[in-house]
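Here's the structure we're looking at; comments come further down.
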Amino acid sequence: MIKKFIRRILGTKQKTGDHTKPVILTAKEHGIDPKLVSSNAIRVTSSLQDAGFKAFLVGGAVRDLLLGVKPKDFDIATNATPEQVKRLFRRAFIIGKRFQIVHVMFGQDLLEVTTFRGSATDGAPKDEHGRVLRDNTFGEQHEDALRRDFSINAMYYDPASQIVLDYHGGIADIRNKTLRIIGVPEERYREDPVRLLRVVRFAAKLNFTIAPDTRAPIAVMAPLINNVPAARVFDEMLKLLMSGHALACLQQLRKEGLHHGLLPLLDVVLEQPLGEKFVRLALASTDERVREGKPVSPGFLFASLLWHQVVEKWNAYQAAGEYPIPALHLAADDVLNTQTDKLALQRKIASDMRDIWAMQPRFDRRVGKTPYKLLEHLRLRAGYDFLLLRCASGEIDSEIGEWWTAFIAGDGAEREELLTKKAVTTNEGPAKKRPRRRRKPSTAAAGKPE
């Protein structure tokens with residue numbers, strides 16, 4: 001039924017053509033700046049070529065180079081097998097079950113080397129929905145290009161000769177700012193439903209328009225994401241949220257109908273009116289940090305996205321008679337359990353989220369030794385930044401954030417002054433000790449006869 005419906009939408013079958021011979025672009029034609037290429041990437045391609053193999057930069061690295069952007073990662077494609085690649089480098093490790101790849105390490109720099117994939121996928125193990133489970137078929141370069149997802153990711157760059165090989169019109173799509181899937185869209189989405197999320201991420205990140213035939217099946221085939229292992233969905237969501245264009249990506253997901261009912265996280269983020277401003281501020285802050293090259297904490301990011309669902313449940317538990325702190329922990333458990341069904345949240349990330357949430361009520365207690373104890377918390381900075389987001393969004397009074405900003409930055413005397421002022425303005429302060437009541441001695445203790 002789905003196939004027939006999609007064909008009615010598409011109207012015509014995918015156009016066929018000869019994609020075995022690439023368009024060859026010289027340095028003058030493609031305009032890539034060699035200075036943007038990693039020295040370690042050049043080292044890997046040179047080593048492979050010196051050993052008699054073909055080796056090219058491929059995928060997003062070539063796309064970014066053509067756009068004049070320094071790539072974050074460099075992937076290499078070669079006709080050498082994983083075992084042959086591994087023998088050429090001291091720190092090389094073969095990984096992957098679905099398709100074997102080699103990770104080559106130079107210090108902290110990791111480069112991913114893949115062998116050209118073959119086009120024969122009919123015999124590859126698939127599940128009942130058509131998703132390829134394992135495929136280690138190697139092939140020729142033109143077959144490898146056919147296996148790649150989008151035309152803009154199917155170009156190969158040789159740093160030595162500085163030529164680009166374009167098998168599927170990728171250079172034209174880059175110039176036209178068009179995102180187009182290679183092959184029949186329905187079949188490609190079935191092979192790997194994560195492509196439904198990738199097309200949205202690339203369109204939002206690059207500000208490209210999705211080609212009509214690539215876009216048409218997305219909403220219909222969205223339920224296939226439920227068939228993808230939670231760990232892969234989480235990895236793709238993390239890439240989306242840490243792309244530097246997180247808000248645009250989430251808006252694009254909603255536009256394509258990929259949010260509702262598929263990922264509870266997105267239902268919460270995009271359909272929570274009370275937390276809309278908070279989420280926008282959190283994502284804008286994350287995007288800014290990514291663009292500035294600063295680290296981003298996944299725990300802080302997910303804690304921000306899910307906070308108002310926690311608040312909603314927290315209030316519900318308190319309304320049912322639960323004390324505030326236990327109510328907050330119960331709310332956190334509920335939210336994390338719901339999300340774990342869809343997203344394989346790592347234990348460290350979930351722990352960071354709990355710490356950030358649990359700190360929020362403690363910021364309200366600004367008397368006595370409590371603020372000093374909070375300064376010793378390992379996650380203070382994340383909890384404090386989270387508090388400032390709550391203030392900026394209007395959830396709580398900005399005075400709380402200002403007080404903590406001054407308290408954290410202040411010296412001993414300044415902190416004591418802040419505590420004193422706070423105690424005076426709120427009539428709070430250290431509880432006065434009641435004078436001990438002297439017990440009336442018993443008659444026996446007084447030496448009197450009973």
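When reading the values below, keep in mind they use all heavy atoms of this one structure, side chains included, and skip hydrogens, waters and symmetry mates.
To the nearest 0.5 Å, atoms CG (Leu241) and CG (Leu283) are separated by 7.0 Å. Interatomic distance, CH2 of Trp357 versus CG of Leu328, reported as 9.0 Å (0.5 Å rounding). One distance of note links CG of Leu281 with OG of Ser393; it measures 6.5 Å at 0.5 Å rounding. Interatomic distance, Asp192 CG to Leu224 CG, rounded to the nearest 0.5 Å: 10.5 Å. Atom CZ of Phe302 and atom CD1 of Ile349 lie 6.5 Å apart (nearest 0.5 Å). How far CG of Leu179 is from OG1 of Thr214: 6.5 Å, rounded to the nearest 0.5 Å.
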Check against ring-ring contact (aromatic ring centres under 6.0 Å, His included), Phe74 and Tyr157: CA-CA 11 Å; Phe74 289 88; Tyr157 175 63; 9.7 Å; no
side-chain hydrogen bond (donor to acceptor under 3.5 Å, both in side chains) evaluation trace for Thr405 with Glu402: CA-CA 5 Å; Thr405 298; Glu402 293 167 359; over 6 Å; no
Pair Ser151-Asp173, side-chain hydrogen bond (donor to acceptor under 3.5 Å, both in side chains): steps then yes or no: CA-CA 7 Å; Ser151 61; Asp173 284 341; 2.5 Å; yes
Working for side chain to side chain contact (heavy atoms under 4.5 Å, CB included), residues Val44 and Phe89: CA-CA 9 Å; Val44 172; Phe89 302 97; 3.9 Å; yes
From CA spacing to verdict: side chain to side chain contact (heavy atoms under 4.5 Å, CB included), Val69, Leu36: CA-CA 8 Å; Val69 177; Leu36 296 176; over 6 Å; no
Verdict with supporting geometry, Phe53 and Phe116, ring-ring contact (aromatic ring centres under 6.0 Å, His included): CA-CA 11 Å; Phe53 300 108; Phe116 293 150; over 10 Å; no
Asn153 and Arg148: CA distance, side-chain angles, deciding distance, side-chain hydrogen bond (donor to acceptor under 3.5 Å, both in side chains) verdict: CA-CA 7 Å; Asn153 291 339; Arg148 296 194 175 267; over 6 Å; no
CA sep, side-chain torsions, deciding dist, call: Glu191, Arg147, salt bridge (Lys or Arg N to Asp or Glu O under 4.0 Å): CA-CA 10 Å; Glu191 287 174 2; Arg147 292 289 303 278; 5.2 Å; no
Worked check of side chain to side chain contact (heavy atoms under 4.5 Å, CB included) between Leu110 and Val104: CA-CA 6 Å; Leu110 184 151; Val104 179; over 6 Å; no
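Checked for salt-bridge contact, Asp385 and Arg381 meet the test: a charged N lies under 4.0 Å from a carboxylate O. Ion pairing between Arg190 and Glu186 holds under the 4.0 Å rule for side-chain N and carboxylate O. Taking a cutoff of 4.0 Å between a charged side-chain nitrogen and a carboxylate oxygen, Lys70 and Asp33 do not qualify as a salt bridge. The existence of a salt bridge linking Glu288 and Lys294 is excluded, since no basic side-chain nitrogen approaches an acidic carboxylate oxygen closer than 4.0 Å. The pair Arg198-Asp149 meets the salt-bridge criterion, with a side-chain N (NZ, NE, NH1 or NH2) lying under 4.0 Å from an Asp/Glu carboxylate O.
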Residues 45-52, side-chain donor-acceptor partners within the protein, below 3.5 Å, at least two apart:
{"unit_1": "Thr45", "atom_1": "OG1", "unit_2": "Ala41", "atom_2": "O", "d": "3.2"}
{"unit_1": "Thr45", "atom_1": "OG1", "unit_2": "Ile42", "atom_2": "O", "d": "3.0"}
{"unit_1": "Ser46", "atom_1": "OG", "unit_2": "Ile42", "atom_2": "O", "d": "2.8"}
{"unit_1": "Ser47", "atom_1": "OG", "unit_2": "Arg43", "atom_2": "O", "d": "2.8"}
{"unit_1": "Gln49", "atom_1": "NE2", "unit_2": "Ala55", "atom_2": "O", "d": "3.0"}
{"unit_1": "Gln49", "atom_1": "NE2", "unit_2": "Asp158", "atom_2": "OD1", "d": "3.0"}

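The shortest side-chain heavy-atom distance between Thr26 and Gln162 does not fall under the 4.5 Å cut-off. The shortest distance between side-chain heavy atoms of Ile171 and Met155 falls below 4.5 Å. When side chains are defined from C-beta on, Ile400 counts as touching Leu387, because their heavy atoms get closer than 4.5 Å. Using a 4.5 Å heavy-atom cutoff, the side chains of Leu238 and Pro298 are in contact. Thr114 has its side chain out of reach of Asp75: every pair of non-hydrogen atoms, C-beta onward, lies at least 4.5 Å apart. Contact annotation: the side chain of Phe138 never approaches that of Arg117 to less than 4.5 Å [non-hydrogen atoms, C-beta and beyond]. For the pair Gln360 and Phe386, the minimum side-chain heavy-atom distance is below 4.5 Å. In this structure, the side chains of Glu29 and Val164 stay at 4.5 Å or more apart for every pair of heavy atoms.
Applying the ring-ring contact (aromatic ring centres under 6.0 Å, His included) test between Phe363 and each of Trp403, Tyr384, Trp404 identifies Trp404 as the sole match.
Judged purely by atom type and a 3.5 angstrom limit, Glu414 uses its side chain to pair as donor or acceptor with the backbone of Asp411. With hydrogens and angles ignored, the 3.5 Å screen pairs a side-chain donor or acceptor of Arg180 with a backbone N or O of His168. A donor-acceptor pair under 3.5 Å is absent between the side-chain atoms of Arg63 and the main chain of Gly170, judged by distance alone. Side chain of Asp287 to main chain of Ala246: a donor-acceptor pair is present (N/O by atom type, distance under 3.5 Å, no hydrogens or angles). Arg201 places no side-chain N or O within 3.5 Å of a backbone atom of Ser243 that could act as its donor or acceptor partner. The closest donor-acceptor contact from the side chain of Thr178 to the backbone of Asn176 lies under 3.5 Å. In terms of modelled atom types and a separation under 3.5 Å, the side chain of Arg188 and the main chain of Ile182 share a donor-acceptor contact. Of the possible donor and acceptor atoms, none in the side chain of Arg379 sits under 3.5 Å from a partner among the backbone N and O of Asp352. A donor-acceptor pair under 3.5 Å is formed between the side chain of Arg289 and the backbone N or O of Pro295.
The shortest non-hydrogen separation linking Ile408 to Arg415 is O-NH2, 3.1 Å. Across every non-hydrogen atom of Leu380 and Leu374, the tightest pair is CD1-O, 3.7 Å. Heavy atoms only, all atoms of each residue included: Ile101 and His103 are closest at CD1-NE2, 3.9 Å. Closest approach of Ala80 and Val85 over heavy atoms only: CB-CG2, 3.8 Å. Annotation for Pro193 and Val228: closest pair CB-CG2, 3.7 Å, computed over non-hydrogen atoms. Minimum interatomic distance between Ala203 and Ile210 (heavy atoms only, all atoms of both residues): CB-CG1, 3.7 Å.
Under 3.5 Å, the side chains of Tyr156 and Asp144 contain a donor-acceptor pair of N or O atoms.
Taking the ring centroids of Phe150 and Phe208, they lie at or beyond the 6.0 Å cut-off.
Using the six-membered ring where Trp is involved, His142 and Tyr167 have ring planes that are tilted, between 30° and 60° apart.
Under the salt bridge (charged side-chain N to carboxylate O under 4.0 Å, His left out) criterion, Arg280 pairs with Glu276, sequence neighbours left out.
Crowding of Arg347 atom CZ: a count of heavy atoms from other residues, nucleotides or ligands under 6.0 Å not exceeding 12.
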